[in-house]
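This report concerns only the one structure given below.
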Amino acid sequence: MKHMLALAVLAASAATGAIAQDFGFAGREFSVDLGVGVDVGPDYPGSDDAKAGPWLIWRNAGFGTPGTNESEGFAISPSFNMVGEREASDSDDLAGMADIDRAYELGLKVSYGAGPWNAFGSVRRGFDGHEGLTGEIGAKYRTDLSDRVSLWSGLSLGYGNGDYNDTYFGVNAAEAAPGRPAYDIGGGFNKASISFEARYALTDTLAVLGEVEYGKLIGDAADSPVVQDEYQPSLKLGIVRRFSFGF
């Protein structure tokens, strides 16, 4: 999986460079915050238990003028995520449900920056735990409090196709039990989130990144009999290094 993540980063970087040349971004600079950290969030979608896991950070990617933190225009970058395993032994409410392995998600993110605004959309394909498609659409607004401190406020909607939603929110006939009827779910939006992100620059290239996200399951996902809590908060903290590539 580490090799797959590395290949995804290299492929997206190459694609970004090609697009920059094709669309006349000569003299512009592509920058991105890349790093690692800790993510404390739901054990699995719909869980009421929290669990700490790794946070692979690829943030604030975009084209801009060299020497500034402004990202302008379109940018393409990798998108990846991990979803924790779900075991029937995790909760009495899951008794009789099939176990789900940890899932790894790989895909692409397209974003558009205009001053402090950034709109984005991502799509990822799952491996191991689920084999569906999932992702988010949303927007963020940046506020620079000083030369070192920047804040982002964001809204997003998460979605999954039928395979994804059925894996985490569906109940088949064999899993049905008193108080947990069979539940068939299709694709669609499954989560709405508001997030607040802070970046503190330690040096010109090194920074500490933190994020608080408050998510809520929506639509058919929220009505699933296996959901223990519709509210899905998370806390992330990591360190990043800013990489810049001129064209």
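Heavy-atom basis, side chains included; hydrogens, waters and symmetry copies ignored.
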(request) Look at Arg124 together with Glu136 and state whether they make a salt bridge at an N to O cut-off of under 4.0 Å. (result) yes
(request) Is it possible for you to say whether Ile185 and Ile100 belong to one hydrophobic cluster, with membership spreading through side-chain heavy-atom contacts below 4.5 Å? (result)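 Same hydrophobic cluster.
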(request) Report yes or no: do Leu151 and Leu202 belong to one cluster of Ile/Leu/Val/Met/Phe/Trp/Tyr joined by side chain heavy-atom distances under 4.5 Å? (result)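 Leu151 and Leu202: one cluster.
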(message) Among Val208, Val40, Asp39, Val38, which residue satisfies the side chain to side chain contact (heavy atoms under 4.5 Å, CB included) criterion with Leu237?
(response) Val208
Counting only N and O atoms by type, is there a donor-acceptor contact under 3.5 Å from the side chain of [X] to the main-chain atoms of [Y]?
{"X": "Arg180", "Y": "Ala95", "answer": "yes"}
{"X": "Arg102", "Y": "Glu85", "answer": "no"}
{"X": "Glu175", "Y": "Ala98", "answer": "yes"}
{"X": "Asn161", "Y": "Leu133", "answer": "yes"}
{"X": "Gln232", "Y": "Ser47", "answer": "yes"}
{"X": "Asn118", "Y": "Lys140", "answer": "no"}

(message) Going by the rule ring-ring contact (aromatic ring centres under 6.0 Å, His included), which residues pair with Tyr168 if we only count those two or more places apart in sequence or in a different chain?
(response)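 Result, ring-ring contact (aromatic ring centres under 6.0 Å, His included) vs Tyr168: His130, Tyr164.
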(message) Tyr200: which residues meet the ring-ring contact (aromatic ring centres under 6.0 Å, His included) condition with it, sequence neighbours left out?
(response) none
Let me confirm one number: the [atom1]-[atom2] distance from [X] to [Y], rounded to the nearest 0.5 Å.
{"X": "Arg148", "Y": "Thr203", "atom1": "CZ", "atom2": "OG1", "answer": "8.0 Å"}
{"X": "Asn190", "Y": "Ser224", "atom1": "CG", "atom2": "OG", "answer": "11.0 Å"}
{"X": "Leu56", "Y": "Tyr104", "atom1": "CG", "atom2": "OH", "answer": "10.5 Å"}
{"X": "Ile218", "Y": "Phe189", "atom1": "CD1", "atom2": "CZ", "answer": "7.5 Å"}

(message) Tell me the closest heavy-atom pair linking Ser31 and Ser244, and the distance in Å.
(response)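 Reported closest heavy-atom pair: OG-OG, 3.0 Å.
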(message) For the residue pair Thr134 / Glu105, report whether a side-chain donor-acceptor contact shorter than 3.5 Å exists.
(response)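 Result is no, nothing qualifies.
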